[in-house]
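Below you'll find the structure, written out as structure tokens, and then a few comments.
Excluded from the calculations below are hydrogen atoms, water molecules and symmetry mates; all remaining heavy atoms, backbone and side chain alike, are included. In listed order, ligands and their atoms are each counted from 1.
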Amino acid sequence: MALSINLGFPRIGRDRELKRATEGYWAGKVSADELASVCAQLRREQWEEQRNAGIELIPSNSFSLYDQILDTTAMVGAVPERYRWHSDQVDLDTYFAMARGAQREGLDVHAMEMTKWFDTNYHFIVPEFVPDQEFRLASTKPFDEFAEARELEITTRPVLIGPVSYLILGKPRETDSEPLETHLDSLIEVYAEVIGRLGAMGAEWIQLDEPCFVEDRSAKEIAALEQVYGRLAEVAGNARLIVQTYFDHVGEAYSALTRLPVAGIGLDFVRGQENVALMREHGFPSEKHLVAGVVDGRNVWINDLSASLDLLDDLQTMVSADRLMVGASCSLLHVPIEAARETELDQELKSWLAFASEKLAEIATLTRAVNDGRAAVADALAANRAALETRQTSDRTRSHRVRERMDALDVGAAGRDTHFEQRREVQRERLRLPALPTTVIGSFPQHPKVRVQRRKFLRDEVSRPDYEAFLEDEVRRAIELQEEMGIDVPVHGEFERNDMVEYFGERMEGYAFTRFGWVQSFGSRYVKPPLLFGDVHRPEPMTVRWWEFGQSCTDRPIKGMLTGPVTMLQWSFVRDDQPRSETCFQLALAIADEVQDLEAVGAKVIQVDEPALREGLPLRSDGWEEYLRWAVTAFRVTTGGVRPETQIHTHMCYSEFNDFIEHIAYMDADVLLIENARSDEELLEVFRDVDYGRDIGPGVYDIHSPRVPPVDELAEMIRASMRVLPIDRLWVNPDCGLKTRKYDEVVPALENMVAAADIVRAETGVPV
Ligand code: GLN
Ligand code: ZN
């Protein structure tokens, strides 16, 4: 008999109970006991829901107060020295201090670093190791949760982050140490203790996640798997170990993984379809179980059940049914909880959606079909087929007009038709900017009043004219400030936008928005990504009105401000019934219409932001080229239709760019405004080697910090850029938008930035 398995469930609660409880605890309004009881209640509901949905293998220890990697850090006692932790167990306040920093009696520490969990929008707390790092068991969480579930008569499968991935995901404090070489031996012993104890408690299965093996990995890293699981197998007792992977195929690690002395291997068959070919090529060991991830854990659309059953049939030619576990491709942490609850979405669209709860039902249905035949689930299959059919034929997923435009689109020809150098001359003539022109990235502080007014407007407590008059005042003030400070290319400030993707999604056909569709981004921060379900187009201008108002306030050139196609794609749940590249080109055409309209009303400078360009990169490097080709081409489709005298800016942040700077050059933006201040001049290095050949504004200050950078520091940042880039190519600007800052931080910082530009202009004697 095949078994149904679930790898993890959203922790946050249907009404974001976890957020309220943890934030309440941080604010001193919720006691530790109250927090614990909210968490216990959530776990109980989540376990019971999974059991009631027919899931046989239910996880424990997948719940977390903040993050599962941080839980692992607590479990193995890898608390960095600065948190002054000296007890037996990692206590709640030490745990949260690592996550968020702390400022209290005798302790003033910053948080540990946080970074993206693979290519998801979830972020984890990066482990830190020192050369003489010690590990010891310092948390009973895995045991407690296993026992807690058993109290409810639910036997769970404890889930742990595997030790190899844990070390690979961490970062050594001293650059010379290599965590996997230095720390593996001692770390394994803590895991051995945990596994031994869980086995003794009666755990039948224990899952160890090794997602790092879906990325390019060295032979040494792969060999570490053998060392770890050889040892853990010795202590497991009656417990059977599963090594679980997700988010892509396991490539060169396949043979090593399937040779490990463990009972099961988990593979992702949604994003890692090559896993089928790997199995066919190398075979699958007859004594092992296969956790077959066939339901997409990363997206919100219904499964094609009969296609999944075909795949499961195929897998059964290599694995017998009684060694098959049917599940989702990864933990359901990455999707919202329940689509059925979205009563404001229409029935048709809702019938295409499967969030975590609906995915549990799909897993149960698939498992039942494997065991009892498709006839046993005939009704579910028929309903599924009907929904897929409406999705395929609906004119909401397929707009005739959009398709015609797509057919006519010649992506090869997309782009500006003048060379950058030629455009540059006409743009200079027209804009008459000084050397080292100053600009900003787009948003100005979204202070509480802006949010309050927006909320009131959305609740019909403020009329549209009143709301717009309020926004106009904000825009006017932001522009006046920029004029006073001497920003050469000002912006209107984006006050009308709640979020740079949501704002545009709401104004395009093909997008829908949920009410409760929250997904954890990090800690107590959740996001509600839009659903991009159908053919995308833009019925009418989206930003022209705000640009025009802004421009009416000043003689300086106000920048048009748009979100680019790749970022629109990357920060939404995107339809899975056509290639992402195709959806991206539809977005590109829609935003291109806006670019044209802005140009037509007189915008001389238009910025198209692509902060998410890098996060779209496939996990394995062999997919980069293809992705970058269409992603960058989409930008060219968006911006390529303007006249030579119209200056296109783009902005990128959140990441390193050095390894694909040629592709960024191919975007052919006239000006690239790029995050730089936190990179220790690492970004600038690349311009020594690569002739980027266009204008660049490497950010001179980090907007993530409330700190106001002094003038000489900013001047030094500009000089650093001048050491690698010609002065007549350089712009001066912050790292990113100022949305999260306060005016009394922003104003002095920008004043200093302009003063720094003046100083450098003066010392180099360039005409101003
Ligand atoms: N224009 C946007 C802003 O300034 C860009 C935000 C971003 O890069 N994430 O807010
Ligand atoms: Zn940014």
**OP:** Could you go through the side-chain hydrogen bond (donor to acceptor under 3.5 Å, both in side chains) check for Q607 and T650 one step at a time?
**Re:** CA-CA 5 Å; Q607 179 170 315; T650 190; over 6 Å; no

Original post:
Step by step, would you call R11 with Q68 a side-chain hydrogen bond (donor to acceptor under 3.5 Å, both in side chains)?
Top reply: CA-CA 11 Å; R11 312 146 175 164; Q68 72 268 15; 2.5 Å; yes

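A salt bridge is absent between R477 and E480; no separation between the charged side-chain nitrogens and carboxylate oxygens falls under 4.0 Å.
For residues 693-739, the ring-ring contact (aromatic ring centres under 6.0 Å, His included) pairs, not counting sequence neighbours, are H649-W731. Under the salt bridge (Lys or Arg N to Asp or Glu O under 4.0 Å) criterion, no residue pair touches residues 445-454, with sequence neighbours excluded.
When the options D670, D668, D695 are evaluated for a salt bridge (Lys or Arg N to Asp or Glu O under 4.0 Å) with R424, the one that passes is D695. For the salt bridge (Lys or Arg N to Asp or Glu O under 4.0 Å) criterion with R545, the lone passing option out of E496, E540, E472 is E472.
With no hydrogens or angles considered, a side-chain donor-acceptor pair links T439 and K559 at under 3.5 Å.
Excluding waters, the protein N/O/S atoms found under 2.8 Å from the Zn ion (ligand 2) are H651 NE2, C653 SG, C736 SG.
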Identify all pairs of nitrogen or oxygen atoms, one from ligand 1 and one from the protein, separated by less than 3.5 Å, and list them with distances.
residue  : atom   : partner : partner atom : Å
ligand 1 : 1 (N)  : I441    : O            : 3.2
ligand 1 : 1 (N)  : E494    : OE2          : 2.9
ligand 1 : 1 (N)  : D609    : OD2          : 2.6
ligand 1 : 4 (O)  : S443    : N            : 2.9
ligand 1 : 4 (O)  : S443    : OG           : 3.1
ligand 1 : 8 (O)  : H651    : NE2          : 3.0
ligand 1 : 10 (O) : S443    : OG           : 2.7

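Atom CZ of R723 sits in a crowded spot, with more than 12 heavy atoms from other residues, nucleotides or ligands closer than 6.0 Å.
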